[in-house]
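Please read the structure below before turning to the comments.
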Amino acid sequence: MRLFLIVLVALAGLAAGLMYYRYGTLEPCRALAQDMADETFGEVQAALGSEPGETPESAVRAMRLVTSQYDTSTCASKLWARWTGGEES
């Protein structure tokens with residue numbers, strides 16, 4: 001039982017660390033906004049014929065306007081659906 005708890009805590013810590021490394025935050029709504037901005041801006045860059053690069057802060061702020069309407073659990077479920085390819089709620 002103790003080993004199970006240690007493994008569970010280690011996996012949670014690893015997941016939090018990876019999320020912080022990828023998004024620079026542990027807040028699900030900010031991470032979702034960053035993910036949405038990266039996807040949208042990447043599509044715009046591809047349409048213009050250039051390689052996707054760093055997403056500008058203005059694009060992230062625009063997506064934060066969208067995610068500001070969600071509560072934390074909604075952001076977390078939408079982010080999880082993006083990661084797993086599942087259906088968004």
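Just so it is clear, the values below take in all heavy atoms, side chains as well, and ignore hydrogens, waters and symmetry mates.
Here the closest heavy-atom approach between residue D71 and residue C29 is recorded as O-SG, 3.9 Å.
Atoms CZ and OG, from R61 and S68 in turn, are 14.0 Å apart once rounded to the nearest 0.5 Å. Annotation: the span from R30 atom CZ to C75 atom SG amounts to 11.0 Å, rounded to 0.5 Å.
Following chains of ILVMFWY side-chain contacts shorter than 4.5 Å, one can reach Y70 starting from M19, so the two form part of one hydrophobic cluster. Both Y23 and L32 are part of a single hydrophobic cluster, where members link through side-chain heavy atoms under 4.5 Å apart. With hydrophobic clusters built from ILVMFWY side chains whose heavy atoms lie under 4.5 angstrom apart, W80 shares a cluster with M63. A continuous path of Ile, Leu, Val, Met, Phe, Trp and Tyr side chains, each step under 4.5 Å between heavy atoms, connects M36 with L79, placing both in one hydrophobic cluster. L14 and L26 are not part of a single hydrophobic cluster, where members link through side-chain heavy atoms under 4.5 Å apart.
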Exercise. Please assess R64 against Q34 for the test side chain to side chain contact (heavy atoms under 4.5 Å, CB included), listing each intermediate value before the final yes or no.
Key: CA-CA 8 Å; R64 282 190 195 150; Q34 180 70 46; 5.6 Å; no

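Ion pair D38/R22 flagged as a salt bridge, since at least one NZ, NE, NH1 or NH2 atom sits closer than 4.0 Å to an Asp/Glu carboxylate oxygen.
Listed for the T40 side chain is no donor-acceptor partner under 3.5 Å among the backbone atoms of A37.
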